[in-house]
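Worksheet: one structure, shown below.
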Amino acid sequence: MGVETSGFDEMSNKLDNMVKNAEKINGEHSYEISEILSDSFMQKNTRFSNANLFLSEIGIYNNDDLEAYPDDKMDAYVSKETDFSTWQDMLGEAAREFVAKQLGF
């Protein structure tokens, strides 16, 4: 009577790939906001097809504009135009999805 291990091998390979992917994203990295707020994320959670359209609607065209935009106005905009209450909630969920995708989930 033998024990089939192909399922274990497959799971081991997936775990190895996740470890390799985790090593790639470990440490400090710089990502564009459009990478974090992916098109699929934006389409799922807003009426916009991408982050650039979402941000340009309120006059944000670059990182300086984004940093200068008042937090309370951004929260009000996010609450009105997305499935989230605040900008930080939106970014947090987008970041979780981004990392999960990077890890191979």
Side-chain angles (χ1 to χ4, degrees):
M1 176 185 247
V3 176
E4 188 171 324
T5 62
S6 64
F8 292 116
D9 291 341
E10 185 178 328
M11 187 170 71
S12 178
N13 287 337
K14 285 182 180 181
L15 289 173
D16 286 344
N17 284 335
M18 286 176 23
V19 167
K20 288 175 188 172
N21 290 338
E23 289 170 353
K24 288 180 192 174
I25 64 172
N26 186 30
E28 261 188 60
H29 297 278
S30 178
Y31 296 101
E32 295 292 323
I33 193 73
S34 59
E35 290 178 280
I36 304 298
L37 298 174
S38 69
D39 292 355
S40 62
F41 178 86
M42 295 303 293
Q43 292 162 13
K44 182 173 59 171
N45 295 291
T46 77
R47 65 179 174 88
F48 299 92
S49 60
N50 62 57
N52 290 334
L53 290 173
F54 173 74
L55 294 171
S56 68
E57 182 89 4
I58 55 173
I60 296 175
Y61 301 100
N62 57 49
N63 284 340
D64 291 337
D65 293 342
L66 183 58
E67 289 179 21
Y69 203 81
D71 291 341
D72 60 331
K73 283 188 172 186
M74 181 60 90
D75 286 344
Y77 179 61
V78 165
S79 179
K80 178 183 173 199
E81 297 292 343
T82 77
D83 296 335
F84 302 96
S85 299
T86 68
W87 176 237
Q88 287 305 310
D89 289 346
M90 183 176 176
L91 285 179
E93 181 59 27
R96 279 187 284 283
E97 288 186 21
F98 177 79
V99 169
K101 187 175 182 180
Q102 296 299 308
L103 290 174
F105 286 103

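Only heavy atoms go into these numbers, but all of them, side chains included; no hydrogens, no water, no symmetry mates.
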Closest non-hydrogen atom pair between Leu91 and Leu37, with its separation: CD2-CD2, 4.3 Å
Please list all pairs passing the side-chain hydrogen bond (donor to acceptor under 3.5 Å, both in side chains) test where one or both residues lie in residues 71-93, with sequence neighbours left out. Arg47-Glu81, Thr86-Asp89, Glu93-Arg96
side-chain contact (heavy atoms from CB on, under 4.5 Å) against Gln43, all qualifying residues, sequence neighbours excluded: Asp39, Ser49
Shortest non-hydrogen contact between Ser34 and Ala51, atoms and distance: CA-CB, 4.1 Å
Shortest non-hydrogen contact between Glu57 and Phe48, atoms and distance: OE1-CE2, 3.9 Å
Answer with yes or no whether the hydrophobic clustering places Phe41 together with Met74; edges join I, L, V, M, F, W, Y residues whose side-chain heavy atoms lie under 4.5 Å apart. yes
Is there a path of hydrophobic side-chain contacts, each under 4.5 Å between heavy atoms of I/L/V/M/F/W/Y residues, joining Ile33 to Tyr69? yes
Would you say that Met90 contacts Phe54 through its side chain, given a criterion of any heavy-atom pair below 4.5 Å between the two side chains? yes
Those residues that, when tested against Asn62, pass side-chain contact (heavy atoms from CB on, under 4.5 Å) (two or more places apart): Asp64, Asp65
Phe98 reachable from Val78 in the ILVMFWY side-chain graph, under 4.5 Å edges: no
Test of understanding: clusters of I, L, V, M, F, W, Y form through side-chain heavy atoms closer than 4.5 Å, transitively. Do Ile36 and Leu53 belong to the same one? no
Between Met42 and Asn52, is there a side-chain heavy-atom distance shorter than 4.5 Å? no
